[in-house]
Amino acid sequence: MENSQYLDMFLDESREHLQNMNDNLLALENSPDNVDLVNEIFRSAHTLKGMSATMGFENMADLTHKLENILDAVRNHQLQINADIMDVLLAAVDRLEGMLENVQSGEGDRMDVSDIVAQLQSVLSSPNQGSEAPGPAKKKTETAEGHDAFVQSVIVQSLEQGYNVFRTTVTFDESCVLKGARAYMVFQIAEQMGDIIQAEPDVEKLEAGEVGPSFTITIVTKESQEDVRSKIMDVSEIARVDVVDLKTIAAESAGGGGASSQATDARSADKKPQAQTAARAKATSKTIRVNLERLNDLMNLFEELVIEKGRLEGVARKLKDTELIETAERIARTSSSLQEIILNLRMEPIEQVFNRFPRMVRSVSKELNKKIRLQIEGAETELDRTVIDEIGDPLVHLLRNSMDHGIELPEVRRQNNKPEEGSIILKAYHSGNHVFIEIEDDGAGINREKVLQKAIKNGLVSESDADKLSDREVYQFLFQSGFSTADKITDISGRGVGLDVVKSKIESLGGVVEVESEPGKGTRFTIRLPLTLSIINAMLIRAGGETYAVPVTNIVETALYKHEDIMTAQGREMIDFRGRVIPFLRLSRLFDLPEEENKGKYIHALVLQSGRKTAALAVDQLIGQQEIVIKSLGTYLGDVPGISGVTILGDGKVALIIDCASILYA
Amino acid sequence: MSEKKYIVFTLNGERYGVPVEQVLSIEKPEGVTPVPNTAPFVKGIMNLRGILYPVIDMKQRFGIGESAVQKETRLAIVQIDDIKVAILIDSAEDVISIDEESIEPAPEVAGGVKADYIHGVAKIDDGLLVLLNLDRVLRDKDVEIVKKIEVNER
């Protein structure tokens, strides 16, 4: 398995190419005559074929090849794109994705694709297409109109500028097994020496390993005839290299060197190697692929640094040494710049999640017999890698939900004076320290009354309280577990399927999800996520002799209350907060801590908010704000109610981070 | 004859052993932060050189009393796969080599500890050494149940 080291790269790149094919296929569906798109898809398919063949995934290569044949026919106008062909093409891409997944999970690329292959074949042999087999036919037609002249003019020009032009025929050793690989090596050497302006058979075939006993390339170079020969000879398993200097025969016809009769698309022969080099350059210089684990290591080390920084600041304050304080401040500044960079390293555009939705919307809307247009905005918005990995499923849920229960059937929409085609807008954007993702549909909206009835039936709210609830509060019921699965028959309440899962997933990422709706007009789900997950601003407080951290994002304000401000209602302590009565919680009681006798006149409290809930939390003492690094409680303890994690303080002691959502909703 | 090294410590005067490779170090119990809403035998969590370890009272875990932190009380820092914990012990004694063949199967109850948690019993010079199966102790579903109950009660 010497290929294994390339497997990750193969997976990544294949995925990109498949995505690219997907996107372009969808675009092609809307503009079937756009040959550029077909070419683009063809290129991706082609690269994919080459890569999978190299990696030894013959089934993938084979299926891609079949796919390529169709694309080839399309771009040669032998085949007209229609809905059926689209379906087959998309299905084939799906299979490829499936194979790739299998490859990733170590099962190899074996998969029964006979059905899809049969479909692909039948597309090709359908009457819509010309009689000839498409592959060889196209190139002749395409090149006939003067690319020979192009090559010729390049040769003449190069000769005029003092370059040598060699027609080089490379013959493989009889024992050569990996001809494709050898050809590739020859190409590389030739590219180092100059430019390859032509190849026979063409580069595409060579790359795919479709090589006969020899091949011929035309090189423009400054090197001498002998150097070209010897350098190419250096490639092992090559029996012979014949280099013909075209200068000598240029007098007669510059193109006589080989351009005239060959079926090569000169443009592509000329462009391909360049495109290749460009791709390679991209891989080496512009971006590098870094294992996420290494980034995590970097992050961990940085977290250590932040803790030490805190310790240094503490020491500096204690010693009151100006120089030390200044140094500590400088370190603090540098480390915050460093933090920004490190966090940015982990950021990736949400595009890669959004990318798969057009396909999904297309197929689901077909299933549902609805017309739905998906509009994506802000795909470039960047999110932490961890979030990117996790956010896909909740978004799928929400989109399906909007398609299934939001958007109405075309005839219903027509009756309601709406355009037949429903629209879903998927939007991502940054705001403050948060990333927002919105899913907005112009469907039927949520029926407040039905949700309320259901909530009352499920005992979530009493009938008398029901009327007092705001719309937002009512809609939050949708996120209750099992809220509507039991009652799918009603048209609206289906809107709860899996929404509790969505909510808990998003909360586990430190985010919130909200829903707004206007009956008849549509519904909007808004997901708010923190930008970073591991370093937050927190208020340190003390209670029961221990130090705790409260995320600043949950704190509305700090407050001082008199003992007599506290009211009791139904055995629960409450307090007036700007005209609203909110629960008054005591951390010492929530966490079962020894209560300190409060002899003072006032009680320190934090007014906390999470989602729709607000409450005051009494503590013994407020220490101050600090940047803290969130660490998990570890595998042994797992999830502990009321605690979202821990942090290590400057003095090395551990402080628990209070999970405001869980104490407010408890 | 294959010998294996064990760390010997005491709980309630009884001697217990765990394989050396499972014990990272022996520390003094300092800077333990209590964690609410956990099982009673979880005494809290501590930071040791940047790594966090839940602190477990083995006596409470085994149902043979409760540890009171005294001068001799130590923490055995234990790691088994991804589980890292600090175990409260009355005192750390020694490291000894034990011949695998001399290990007897666990009796029903040894020093009040459930047989499930015991790998075996070995005779040493002046008495018996109970060899703990920490893997079992730390992964036991009891812990899960304890956690679940607490969550449900809320």
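These values consider heavy atoms only, across backbone and side chains, with no hydrogens, waters or symmetry-generated copies. Please read all numbers here as calculations on a predicted model, not as lab measurements. In what follows, chains are A, B, ... by sequence order, proteins preceding strands, each numbered from 1.
How far CG of B/Asn47 is from NZ of A/Lys653: 11.0 Å, rounded to the nearest 0.5 Å. Rounded to the nearest 0.5 Å, atoms CG (B/Asn37) and CZ (A/Phe591) are 6.5 Å apart.
Residue B/Leu138 comes nearest to A/Tyr636 through the heavy atom pair O-CE1, 3.3 Å, listed as atom of the first residue, atom of the second, then distance. Shortest non-hydrogen contact noted between A/Ser632 and B/Leu52 is O-CD1, 3.8 Å. Residues B/Pro36 and A/Leu656 come closest through the heavy atom pair CD-CD1, 3.4 Å.
Contacts of A/Thr547 with chain B are absent, with no heavy-atom separation under 4.5 Å from either backbone or side chain. Both the backbone and the side chain of B/Val35 come within contact range of chain A, each with at least one heavy atom under 4.5 Å from a heavy atom of that chain. Looking at A/Leu593, there are no atoms closer than 4.5 Å to chain B (heavy atoms on both sides), in backbone or side chain. Within the 4.5 angstrom heavy-atom criterion, atoms from both the backbone and the side chain of B/Ile45 approach chain A. Using a 4.5 Å cut-off between heavy atoms, B/Ile56 contacts chain A through its side chain alone, with no backbone atom that close.
Enclosure of atom CG in A/Asp592 is not indicated, since only 12 or fewer non-hydrogen atoms of other residues, nucleotides or ligands lie within 6.0 angstrom.
A distance-only check finds a donor-acceptor pair linking the side chain of B/Thr33 to the backbone of A/Val654 [under 3.5 Å].
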